[in-house]
Amino acid sequence: MHPSGPRRRDAQPRAQAMSTADVDDASLARLYDLLIGALSPDMASRVHAEAELSACAASPGAYVAALALVASHPHALPEVVQLALVLIKQSARAGWERAADVRPLVRERLLALLGHATPRVRVAAAVAIAAVAEHDWPDGWPTLFDELTARLRAGSAVVAHGSLRAIEMLIGELDGDRLNGAFEGEGGLVAELSRIAGADVTAAGNDAGVTDRLRRRALRTLARIVEQLAIVVPCGPAGPRYAQRAFEAWIRLFLAHAGAYAHADARRAAADDGGANAEHACALSACGAMLAMCQLLGALVASFPRQRLLCEPSTALALLNGAWAVLARAACDDAGGARCDGADSDGGGQGDDALVLAALELLGALTEARAFRALVRASLDRLFADLLALMRVPAAQAREWEDDVSAFIEADADESLAYSVRVAAAELCDEQLHNFKGQALVAMLRVARAALEASGERRACASRTTGGGGGGAYGGRSGNLSLIHI
């Protein structure tokens with residue numbers, strides 16, 4: 001690298017090839033020039049630089065080592081670092097066996113780049129680590145997950161985010177059999193992720209640098225680990241043991257997040273105009289954490305349907321109550337009220353509707369688990385009351401459809417309807433009818449009858465008060481029960 005700092009973006013690459021005998025300062029300076037040239041908007045410069053880089057790749061050991069050193073230079077431009085990491089990833093997938101001597105250096109520099117200030121560089125480093133690990137882990141890089149865990153435990157929030165990115169990439173890249181060993185151990189990766197997910201849940205942040213966003217990412221990572229773990233359960237007893245050990249601890253974590261979500265949502269609802277934006281952001285963050293928690297427990301229960309995921313009856317009931325509370329809040333939420341909507345850093349929804357969908361999936365998984373079936377069976381009336389309320393057409397939507405029939409036709413043709421809360425609630429109703437047969441049918445009819453009677457009483461009251469028709473076929477929030485499938 002040049003002592004004076006990085007070269008200009010439009011610098012022209014030199015004609016001679018990079019030295020492959022060893023990695024010296026001249027080689028690094030030349031490689032930096034080539035990377036700048038490969039990013040140049042000038043076609044001739046870019047083509048020439050790419051050809052020179054291809055020639056350097058013929059000696060993969062020195063080439064990859066030089067790329068790692070260039071990428072880790074403190075004054076290198078972020079776009080140059082990102083390109084160097086992409087080239088390291090490509091080298092790891094082609095010709096990595098010829099770079100054995102420099103692999104420790106490359107691995108060390110890649111881990112350090114997980115703490116880079118630029119997010120896209122951290123992502124590129126995570127992708128490169130996953131590509132290297134596909135060859136080196138576990139035999140050639142047995143300490144990989146220990147090193148990532150240490151960075152989660154002792155690093156800053158930036159380092160922790162980069163490390164979580166790398167873990168996510170590794171889970172997607174490596175097969176379940178190889179990953180299984182990384183998930184075991186009382187003080188290992190899963191324990192550290194659980195610590196982050198539960199750190200100061202009721203506070204907006206903490207002194208250890210665990211942000212709300214970091215908690216949500218830790219929860220999503222745990223859910224992916226659970227899904228991978230389920231793949232290898234038939235290969236040995238480690239899966240069921242791990243699932244049982246984590247189950248009650250994660251239920252307690254779920255309840256803590258549920259309390260934080262209820263508190264933040266109540267503050268949002270009560271906020272005046274001056275603090276509404278801040279309270280909405282806080283509620284959205286708590287909603288995202290609760291969503292990730294539902295996904296984690298749903299993945300755990302669904303992944304081990306035949307395992308006896310046992311817990312104390314009081315704990316099991318608390319979990320069901322927590323999931324039901326999400327449905328009950330959505331069921332009685334006024335259609336005209338403020339809603340909590342937004343997206344996470346990966347573009348996924350994390351607002352009210354996404355949370356309700358996750359809670360419905362969690363309840364569907366719980367009805368298949370032995371430890372919960374009896375509790376669900378005893379609470380079918382409560383479950384169907386919430387589900388039927390979620391299946392109602394909101395009053396504002398009904399009025400729109402009455403005023404404009406084409407709006408109903410467009411909504412009916414919208415493919416997103418297949419993923420709506422109303423459809424998911426109807427599907428869970430169908431599942432309960434399948435699981436509990438006649439008992440579920442009787443409970444659903446009892447709830448539907450009570451809802452219709454209450455609706456009739458409200459319409460009659462409105463008619464006596466106003467002397468009118470009570471608001472039409474869909475008046476008020478009486479609801480439309482036409483989606484019930486028996």
R103 side chain near W141 side chain, heavy-atom distance below 4.5 Å: no
Flag, side chain of R217 to backbone of R165, donor-acceptor distance under 3.5 Å: no
Side-chain touch L366/L319, heavy atoms, less than 4.5 angstrom: yes
Separation between CD of E431 and CG of L387, rounded to the nearest 0.5 Å: 10.0 Å
Residue pair C294 / A358: nearest heavy atoms and the distance that separates them: CB-CB, 3.8 Å
For W137 against P142, the heavy-atom pair lying closest together: NE1-O, 4.1 Å
Any donor-acceptor pair under 3.5 Å from R216 side chain to A289 backbone: no
Side-chain heavy-atom pair V64, W96 within 4.5 angstrom cut-off: yes
Validation row: L148, L111 side chains within 4.5 angstrom (heavy atoms): yes
Residue pair K89, E173: steps toward the salt bridge (Lys or Arg N to Asp or Glu O under 4.0 Å) verdict: CA-CA 13 Å; K89 177 199 71 175; E173 195 75 26; over 6 Å; no
Intermediate values then yes/no, side chain to side chain contact (heavy atoms under 4.5 Å, CB included), M293 and Y261: CA-CA 11 Å; M293 198 70 242; Y261 169 62; over 6 Å; no
Those residues that, when tested against Q82, pass side chain to side chain donor-acceptor pair (under 3.5 Å) (two or more places apart): R120
L34 side, atom CG; S54 side, atom OG - distance, nearest 0.5 Å: 10.5 Å
L144 side chain near V132 side chain, heavy-atom distance below 4.5 Å: no
Over all atoms of both residues, closest heavy-atom pair of A84 and A71: CB-CB, 4.0 Å
Residue pair T149 / D146, side-chain donor-acceptor N/O under 3.5 Å: no
Check against side chain to side chain contact (heavy atoms under 4.5 Å, CB included), L296 and F254: CA-CA 9 Å; L296 170 58; F254 171 88; over 6 Å; no
Side chain to side chain contact (heavy atoms under 4.5 Å, CB included) evaluation trace for L390 with L327: CA-CA 8 Å; L390 291 173; L327 301 190; 3.9 Å; yes
L428 backbone acceptor or donor facing Q432 side chain under 3.5 Å: yes
Rounded distance [0.5 Å steps], CD in E147 versus CD in E108: 9.0 Å
Any donor-acceptor N/O pair, H257 side chain to A286 backbone, under 3.5 Å: no
S420 (side chain) donor-acceptor with V423 (main chain) under 3.5 angstrom: yes
Atom pair CD1/CD of I167 and E192 - distance to nearest 0.5 Å: 9.0 Å
Side chain to side chain contact (heavy atoms under 4.5 Å, CB included) between L320 and L363, intermediate numbers included: CA-CA 7 Å; L320 283 173; L363 282 169; 3.8 Å; yes
For the student: nearest non-hydrogen atoms of G298 and A365, plus distance: O-CB, 4.0 Å
Over-ring placement of R252 relative to F247, 6.0 Å and 45° cut-offs: no
T367 backbone acceptor or donor facing R373 side chain under 3.5 Å: yes
Close side-chain approach of L219 and I196, heavy atoms under 4.5 Å: no
Exercise: identify the closest heavy-atom pair between W324 and S379: CH2-CB, 3.3 Å
Intermediate values then yes/no, side chain to side chain donor-acceptor pair (under 3.5 Å), S194 and W250: CA-CA 8 Å; S194 298; W250 286 350; 3.0 Å; yes
From CZ (R46) to CG (L39), nearest 0.5 Å: 9.5 Å
Residues R109, S72; criterion side chain to side chain donor-acceptor pair (under 3.5 Å); working and verdict: CA-CA 6 Å; R109 298 306 173 104; S72 58; 2.7 Å; yes
Salt bridge flag under 4.0 Å for residues E168 and R220: no
Minimal non-hydrogen separation, A128 against I88, with atom names: CB-CG2, 4.5 Å
Validation row: I129, L113 side chains within 4.5 angstrom (heavy atoms): no
Residues R30, E52: salt bridge by 4.0 Å N-O rule: yes
Distance (rounded to the nearest 0.5 Å) between L152 CG and H161 NE2: 10.5 Å
Side-chain heavy-atom pair F145, P138 within 4.5 angstrom cut-off: no
